[in-house]
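Structure record follows, encoded as structure tokens.
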Amino acid sequence: MDPVQENSQYPLVSKFILSAFAATVAELVTFPLDLTKTRLQVQGEAGLREHGKPGPARTIYRGMLSTAVGIMREEGPLKLWQGATPAVYRHIVYSGGRMVAYEQLRESVLGKSEDGSFSVWKAAVGGMVSGAFGQFLASPTDLVKVQMQMEGRRRLEGKPPRVRGVHHAFIKIVSEGGIRGLWAGWVPNVQRAALVNLGDLATYDSVKHLLLRHTSLEDNCLCHGLASTCSGLVAATMGTPADVVKTRIMNQPRDSSGRGLLYKSSVECLVQAVKGEGFLSLYKGFLPTWLRMAPWSMTFWLTFEQIRRAVGISSF
């Protein structure tokens, strides 16, 4: 199938809206895996023990499946989507921003070669820059999402709830740490996004066009599916350590000034995790991360490519 030629009547805002829509579909389909991953990443947290913070009497180390089953049994099936609202808000900003930024970098800043190809190093740079840009814009919604995802565990531990909903979470964060508090943990957040998009955007773009140039595959769902499968695996491998650090920094308790009580920086969090729990602690939640990124990536890219084609915008 020949790619649809892009019509100049579609401005950047149209691509932003289509990206946000495709990301919303993918997020809702795979969100329970994200919640499971977040719960796994904070189990046995060394920083809590070192600072003498109260916690459960015994840390229950569970795998991905038993964690998900435990959430459904102890908190209810719908709790698997706890925090989905800010997650959708996040992806409207994050995915819309990163996709538009990447295409602009590819087409207007870095530029394609004379034969129309886009070199791997340019794709890597474009992926990292656009991912960091999109995540910085969306960091406040990511902070709210992580805190809401942990509310169920706090109730089971006998702790009072920190937030009652998305609106209350935003107000609470601003009241405790000011506007700057909304960007708590933004450094590991942006670092993770840069690595994930180095894996996701760069891998998808490179693999897709490699398949189109060197195989008999056409620009269709099969090609998009193969490219998205590769991008999900690479993104999970590169992004999980930064994701563990990001989750712990964003979930830590804070003082009246909004400063974290467990970690002063992402480097300190990284060092404490490795010293207290071992190197493999950086890959806590890798399986649900990958099992989420693979269907997320496939759902997103298939939806994104098809709705672009449907409205007359050229293939990505």
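Throughout, numbering of the chain's residues begins at 1 and tracks the sequence.
Between R308 and S314 there is a side-chain heavy-atom pair separated by less than 4.5 Å. A 4.5 Å side-chain heavy-atom check between D205 and L201 finds every atom pair outside the cut-off. H224 has its side chain within reach of Q306: a pair of non-hydrogen atoms, C-beta onward, lies under 4.5 Å apart. Between K208 and S315 the shortest side-chain heavy-atom distance falls below 4.5 Å. Contact annotation: the side chain of L18 never approaches that of M99 to less than 4.5 Å [non-hydrogen atoms, C-beta and beyond].
Checking side-chain atoms of S175 against main-chain N and O of K172 turns up a donor-acceptor pair under 3.5 Å. For W296 (side chain) and G232 (main-chain N/O), no donor-acceptor pair under 3.5 Å exists by modelled atom type. With W81 contributing its side chain and L28 its backbone, the two residues share a donor-acceptor pair below 3.5 Å. The main-chain N or O of G127 is found under 3.5 Å from a side-chain atom of S130 such that the two form a donor-acceptor pair. With S206 contributing its side chain and T203 its backbone, the two residues share no donor-acceptor pair below 3.5 Å. In terms of modelled atom types and a separation under 3.5 Å, the side chain of T240 and the main chain of T237 share no donor-acceptor contact. Listed for the D200 side chain is no donor-acceptor partner under 3.5 Å among the backbone atoms of V196. With hydrogens and angles ignored, the 3.5 Å screen pairs no side-chain donor or acceptor of T67 with any backbone N or O of T36.
M128 and W121 end up in different hydrophobic clusters when Ile, Leu, Val, Met, Phe, Trp and Tyr side chains are linked at under 4.5 Å. When hydrophobic clusters are built by joining Ile, Leu, Val, Met, Phe, Trp and Tyr residues whose side-chain heavy atoms come closer than 4.5 Å, directly or via intermediates, L110 is not grouped with L198. One hydrophobic cluster, built from ILVMFWY side chains closer than 4.5 Å, holds both F21 and Y204. In the hydrophobic clustering of ILVMFWY residues, with side-chain heavy atoms under 4.5 Å counting as a link, L226 and L212 come out apart. Placement of V207 and L217 within a single hydrophobic cluster is found when ILVMFWY residues are connected by side-chain heavy-atom separations under 4.5 Å, directly or transitively.
Within 6.0 Å of atom CZ in R180, 12 or fewer heavy atoms from other residues, nucleotides or ligands are found, so the atom counts as exposed in its surroundings. Heavy atoms from other residues, nucleotides or ligands lying under 6.0 Å from NE2 of H168 number more than 12.
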Go through D142 and Y94 one step at a time and tell me if the side chain to side chain donor-acceptor pair (under 3.5 Å) criterion holds.
CA-CA 10 Å; D142 208 21; Y94 168 64; over 6 Å; no

Test salt bridge (Lys or Arg N to Asp or Glu O under 4.0 Å) on R248 and E277; report intermediate values, then the result.
CA-CA 14 Å; R248 292 184 173 193; E277 305 163 60; 2.7 Å; yes

Would you check, one step at a time, whether the test salt bridge (Lys or Arg N to Asp or Glu O under 4.0 Å) holds for R309 with E305?
CA-CA 6 Å; R309 186 180 298 275; E305 293 277 21; 5.9 Å; no

For Q135 and R98: C-alpha separation, side-chain torsions, deciding distance, then whether side chain to side chain donor-acceptor pair (under 3.5 Å) applies.
CA-CA 8 Å; Q135 185 55 57; R98 73 182 179 114; over 6 Å; no

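Relative orientation of the F118 and Y102 rings is perpendicular, given thresholds of 30° and 60° on the angle between their planes. Taking the six-membered ring for Trp and thresholds of 30 and 60 degrees, F300 and F304 have nearly parallel ring planes, at less than 30 degrees apart. W290 and F286 have parallel rings, their planes meeting at less than 30° on a 0 to 90° scale where 60° marks the start of perpendicular.
The structure places CG of L233 at 11.5 Å from OG of S228, a figure rounded to the nearest 0.5 Å. Annotation: the span from F31 atom CZ to T85 atom OG1 amounts to 8.5 Å, rounded to 0.5 Å.
Of all non-hydrogen atoms in V144 and A169, the two that sit nearest each other are CG1-CB, 3.7 Å. Of all non-hydrogen atoms in T299 and T303, the two that sit nearest each other are O-OG1, 2.6 Å. Between G225 and L302, the closest heavy-atom pair is N-CD2, 4.1 Å. Here the shortest heavy-atom pairing between T141 and Y89 reads CG2-CB, 4.0 Å. Heavy-atom minimum distance, L195 versus A242: CD1-CB, 4.2 Å.
Between the side chains of S231 and S297, at least one donor-acceptor pair of N or O atoms lies under 3.5 Å.
In summary, K112 and E103 do not engage in a salt bridge, as defined by a charged side-chain N under 4.0 Å from a carboxylate O.
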